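Attaching a single structure in structure tokens format; questions to follow.
Numbering starts at 1 and runs along the sequence shown. Note that ligands are numbered from 1 as they come in the structure, with each ligand's atoms numbered from 1 the same way. The structure presented is a predicted model; accordingly, all values stated were derived computationally and were not measured.
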Amino acid sequence: MNRRPGRILVVAPNWLGDAIMAQPLLTLLKGKTGALIDVVAVPAVAPVFRRMLEVSRVIEADFRHGALDMKARWKLGRSLRLDQAGQPQYAQSYVLPNSWKSALVPFFADVAVRVGYAGEARVGLIDVRHPNPKKNTAREPMALFYARLADLPGKPLPKLAEPFLMTDPLRVIAAKVNLGLHPAQNLVALCPGAEYGPAKRWPAEYFAEVAGKLKARGFTPIVLGAQGDVPAGLTIEQLSAGAAINLAGKTSLDDAINLIAGSRAVITNDSGLMHVAAALGKPQLALFGSSSPEHTPPLSGLARVITLKVECSPCFARECPLGHFKCMREMKPARVLDEFDGLGDLITSATP
Ligand code: SF4
């Protein structure tokens, strides 16, 4: 563990938010070893790793969701075994997902030291195994969960750095123009999605109400999200009488990152785009329902978390098991608008 390897191989998480919450680990590894860091990532998260200063190379691996893809993993692993001089390419690897299959690429690449959580019975695949956190205890911050891998199990960690994604102002302007926006518009990005499930989604009609009020204050609300968020985007656009422009399902992840970078502020559920906004240093309101702001907080001093802390939260359920969905339904648009107004100077001084 104390050797100074030339290159480190990291197998990235497959969820956008987790990819960003893993960045403090990369910062620690970079600072500790000075090594070049290569990241194996699925296409859904590869764009964010391309924007991280710590990452030298992103190896995009289009493994099918839920599939073992043994042959593809073997092929990729063997292709990563040796460098151009015919020497072993990686001396260390870090496997961030807990699944058995995610540990296969470093194993097939003959990486000498493979670090990860014990996960799904990974004896033989992971040789520096950190104990899995107990499921029945309060969930620690995900960023800390990943960062622990930087050292031996049980070792204390320094204060973690906040995630940071690089942006290019010209690409930000290009993304706006390509999507029919004017570069000088005061955008506020609304992110009504949360892939995990509806219990993390603030109602679309509430977003619509906020959009109308933001428009009246001189902002241009835009709705960002993936294909699955198109119905919510259309609802927000319709209920706000066109105050919000629906771009959900119309952007690549890279476009969405550029548009968030080009916005004055962001209002978002606890989702991947919430973590993107944090890593871009955007003033944001992060709305938490069934999940916990202690477990997956936006890692930014410019983020304000809104949570009602109802007696049943966090339940971590995908759908409200009690049916009343109080944690989000009782978080009224007026409260969110008040908090938005409270961002004040942060919004006006944010570089669009
Ligand atoms: S059980 Fe409580 S915390 Fe969970 S979704 Fe329902 S209202 Fe929200």
Handout entry: Atom pair NZ (K30) and CD1 (I8), whose distance is rounded to the nearest 0.5 Å
Key = 8.0 Å

Exercise for the section: Indicate the atoms forming the closest heavy-atom contact of N269 with W202, along with that distance. Expected result: OD1-N, 3.1 Å

Exercise for the section: May I have the step-by-step check of salt bridge (charged side-chain N to carboxylate O under 4.0 Å, His left out) for K101 and E120, ending in yes or no? Expected result: CA-CA 9 Å; K101 61 181 184 279; E120 298 172 347; over 6 Å; no

Practice task
Over 60° means perpendicular and under 30° means parallel, so classify the ring planes of F145 and Y117, tilted if in between.
Solution key: parallel

Exercise for the section: Quick one: give me the number of protein N/O/S atoms under 2.8 Å from atom 4 (Fe) of ligand 1. Expected result: 1

Problem - Atoms in ligand 1 with a heavy atom of K326 nearer than 4.0 Å - result: 7 (S)

Handout entry: Any side-chain heavy-atom pair of V177 and L181 under 4.5 Å
Key = no

Handout entry: Passing candidate, side-chain contact (heavy atoms from CB on, under 4.5 Å) with L247, options V230, L190, D229, L259
Key = L259

Practice task
Mind checking whether H324 contacts ligand 1 via backbone (N, CA, C, O), side chain (CB onward), both or neither, at a 4.0 Å heavy-atom cut-off?
Solution key: side chain

Exercise for the section: Return each pair, listed once, that meets side chain to side chain donor-acceptor pair (under 3.5 Å) where at least one residue sits in residues 246-261; pairs must be two or more places apart or across chains. Expected result: R51-D254, R51-N258, S252-D255

